[in-house]
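All remarks here apply to the structure that follows.
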2 protein chains.
Amino acid sequence: MRRRITSQDVADLAGVSRTTVSFVLNNDNRFSIRPETVEKVRTAAKQLGYYPNASARALASNQTKNIGLIISRAPQYIASDSFLPQIIGGLLDVTKQHSQGLLLEWVEPGQQLETYLELTRSHHIDGMILMTPRLDDTGLKALEEADIPVVLMGHIPGSRLHSVDVDNRAAAEMAVRHLVDLGHTKIACIINAARPYTSASQRLEGYKQALEQALLGYNEYLVREADFDIKSGFLQMNSLLDSSEEFTAVFVASDNVAVGAYAALRDAGLSVPGDISVVGFDDIPLTPFMEPPLTTIRMPAREIAQQSYHLLMRLMKRDYPQNPEVLLPTDLVLRQSTRSLID
Amino acid sequence: MRRRITSQDVADLAGVSRTTVSFVLNNDNRFSIRPETVEKVRTAAKQLGYYPNASARALASNQTKNIGLIISRAPQYIASDSFLPQIIGGLLDVTKQHSQGLLLEWVEPGQQLETYLELTRSHHIDGMILMTPRLDDTGLKALEEADIPVVLMGHIPGSRLHSVDVDNRAAAEMAVRHLVDLGHTKIACIINAARPYTSASQRLEGYKQALEQALLGYNEYLVREADFDIKSGFLQMNSLLDSSEEFTAVFVASDNVAVGAYAALRDAGLSVPGDISVVGFDDIPLTPFMEPPLTTIRMPAREIAQQSYHLLMRLMKRDYPQNPEVLLPTDLVLRQSTRSLID
DNA sequence: TAAAGTTACTAACGCGCGTTAATAACGAGA
DNA sequence: TCTCGTTATTAACGCGCGTTAGTAACTTTA
């Protein structure tokens, strides 16, 4: 294997010092270098095919040029997630523009503290974005006093960490109010995930609040808890159907889960929206192609990703926004999965 | 900000040299260290909350402990991909076990060479897995003589690079033969992506071959080319329906694309499998929940991910398997999207 | 002409760790 | 007592780069 080409080689070829090479290649304009010298260095670097060693650079500059995307979920759940690719896509787009790397990591409940410490203290990354954080995350306090910037994609009440999120509660309320406005009074709910995921508990709150405003009673037997994936939607919808409770509409707090719910309804011989109206949440790419196309809350996934990144960038520059929380708008996308009971 | 804790601090506290600390914490058994010394070092490290600096370690050992997953596609296509999360999930699972990091990267056509050089020469990663490679990838030759291990997830004819793949051609042939066996003679095809993606051209080959074996003529007007995502499936199916060609079955070489095709068929008032039989490819988590459940070729996504990783690990240890190509089995998962024309 | 800038560059240190070659301690054998 | 292995430990170098403090040359001002 041929020897690595270092900046010394470039310096030798260009007939200057290594320092000058560094200044030129990093466009360090605190020092003025004669244009012809710049040219000499540039061509020498190109000629040798010089690429600065990332580790050495990280060590010297204390910047890895990598940011971490941490997913609070096990790989088997990641595999069937339709929302994740949108986030990753949005993130990859913008990280590449800033020639940053994206390091993926998942963390299992109970191991959070150790994982975060390792990631931050070992300095694998310059900053991290924490996806779908859990209320019971045992490592969040440690992150608050970590020496690297952190952005929560999602909100944790009481946390000092900066965050990017939508108003899940308000969005869910909007979804359910839509059903109420159509005359539905018996509205079931399948939340997207277990309560410790804040998006889940907040969406449930929105559901409750919409019922309350409509003077409809909250019936816990009409509520089920899914687990991110399609299958759990299928199972929970069946559980609702098997119960003795009556309902004419369901708010399913995740489109992915709603796909499973659709299947369960079909299997039961019920039509959407003929028998049951459904409103989803997320607006994944699939929803317009479902049968019938799903009325849902649009999550601005790409925007969430990019805003998270930009917020993280600001924090890395020690430029702290006065408001630690960025809230992005959602809206209700009307398609064909609901029908009016009022005529 | 408090000072970083270095191995020197641990050494001081434990009353030994930095070298000893290094030996102990890396379990370097080429040197025998007295058990009580080991203990002293371990407790000192724990007490101080010492985490070795990743960059320094990478620089000294010439190993970053990161592997790269490179996606040959733009972010907007990544966003609606249902296959990617399965690969990522499988990869994350196994990288974590080996305390390796996973660095995500995408590369746009035309920029491959530069991207690969930068990634390998800068030594951001110890090895890379190249997803959905393109035949016209201008950087592959450079990778063959790169100084880091590379695994192709997919096959490039004539490349010396190691690869993990399924036999796309044979799998596609199996899918189409299934339709032939059911009595279909006019079988359309929507391939998953443009020809330069080897999986696309290989699946098309399989389609042709199955027709040939059944003594059915190949009609290029029955073939369309999708673009990975759902919408392209919708558009291409409509294009088939708008043409004057007749067909009773379609082989859609990607489940994701098939979702769009389903929607187009529904919109045209055609039933699956009543009017048109459909066979897909991939077996994404959604397929059992489609209406009707899609008969498809199962891609062992998780296995592909993990085998790719293990192959990469072998290459990193300079342990080169005699056969550069790992082929994984596929099978046809029969569901309810095809019907027999023979009675 | 000397002093005081200004411009263009470099020597040298430090980042934190892995690792080799060398040393010290210690008992066994002669 | 002296030599010869072990065994346990360390001094010191190198990984490749960023960066500060400093030097040399060259121009401007008094």
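Per chain, numbering begins at 1; letters A, B, ... match sequence-line order. Treat the numbers as computed from the prediction; the structure is a model and nothing was measured.
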Requested in this report: Report which part of the nucleic acid B/Ser55 touches: base, sugar-phosphate, or nothing (heavy-atom distance under 4.0 Å, all strands).
Outcome: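 Nothing: the residue B/Ser55, judged by heavy atoms under 4.0 Å, touches no strand.
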Can you give the donor-acceptor pairs under 3.5 Å from side chains of residues 97-106 of chain A to other protein atoms, not counting sequence neighbours?
unit_1   : atom_1 : unit_2  : atom_2 : d
A/His98  : ND1    : A/Val94 : O      : 3.0
A/Trp106 : NE1    : B/Leu92 : O      : 3.3

If you only use heavy atoms from C-beta on, which nucleotide in [options] is closest to the side chain of [X]?
| X | options | answer |
| --- | --- | --- |
| B/Thr20 | C/dA8, C/dG16, D/dT9 | D/dT9 |
| B/Val16 | D/dT10, D/dG16, C/dA11 | D/dT10 |
| A/Ser7 | D/dC17, C/dG16, C/dA11 | D/dC17 |

Measure the distance from [atom1] on [X] to [atom2] on [N] and round it to the nearest whole Å.
| X | N | atom1 | atom2 | value |
| --- | --- | --- | --- | --- |
| B/Arg121 | D/dG16 | CZ | C1' | 16 Å |
| A/Asn53 | C/dC15 | CG | C1' | 13 Å |
| B/Glu36 | D/dA8 | CD | C1' | 11 Å |
| B/Arg34 | D/dT6 | CZ | P | 19 Å |
| B/Lys65 | C/dC17 | NZ | C1' | 14 Å |
| B/Gln8 | C/dG14 | CD | P | 14 Å |
| A/Arg57 | D/dC15 | CZ | P | 19 Å |
| B/Leu59 | C/dC15 | CG | P | 14 Å |

Query raised in the report: Quick one: is B/Tyr51 getting a side-chain N or O under 4.0 Å of the C/dC17 phosphate, OP1 or OP2?
Result: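 So the side-chain polar atoms of B/Tyr51 never come under 4.0 Å of the phosphate oxygens OP1 or OP2 of C/dC17.
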Query raised in the report: Are A/Ser32 and C/dA8 close enough that a side-chain N or O sits under 4.0 Å from OP1 or OP2?
Result: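 For C/dA8, OP1 or OP2 has a side-chain N or O of A/Ser32 closer than 4.0 Å.
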Query - B/Tyr116 vs B/Val107, side-chain contact (heavy atoms from CB on, under 4.5 Å): CA-CA, chis, key distance, verdict - result: CA-CA 9 Å; B/Tyr116 300 157; B/Val107 49; 4.1 Å; yes
Query raised in the report: Would A/Gln111 and A/Thr115 count as having a side-chain donor-acceptor pair, cut-off 3.5 Å?
Result: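 Distance-only check fails for A/Gln111 and A/Thr115.
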Sequence neighbours left out, what passes side-chain hydrogen bond (donor to acceptor under 3.5 Å, both in side chains) with [X]? Give chain and number order.
| X | answer |
| --- | --- |
| B/Thr6 | none |
| A/Thr95 | none |
| B/Asn53 | none |

Quick one: which protein N/O atoms are closer than 3.5 Å to N/O atoms of nucleotides 19-24 of chain C? Pair and distance per line, please.
unit_1 : atom_1 : unit_2  : atom_2 : d
C/dT19 : O4     : B/Thr19 : OG1    : 3.1

Let me check something: any side-chain donor-acceptor pairs from residues 38-48 of chain B under 3.5 Å, sequence neighbours excluded? List them with distances.
unit_1  : atom_1 : unit_2  : atom_2 : d
B/Arg42 : NH2    : B/Asn27 : OD1    : 3.0
B/Thr43 : OG1    : B/Glu39 : O      : 3.2
B/Thr43 : OG1    : B/Lys40 : O      : 2.9

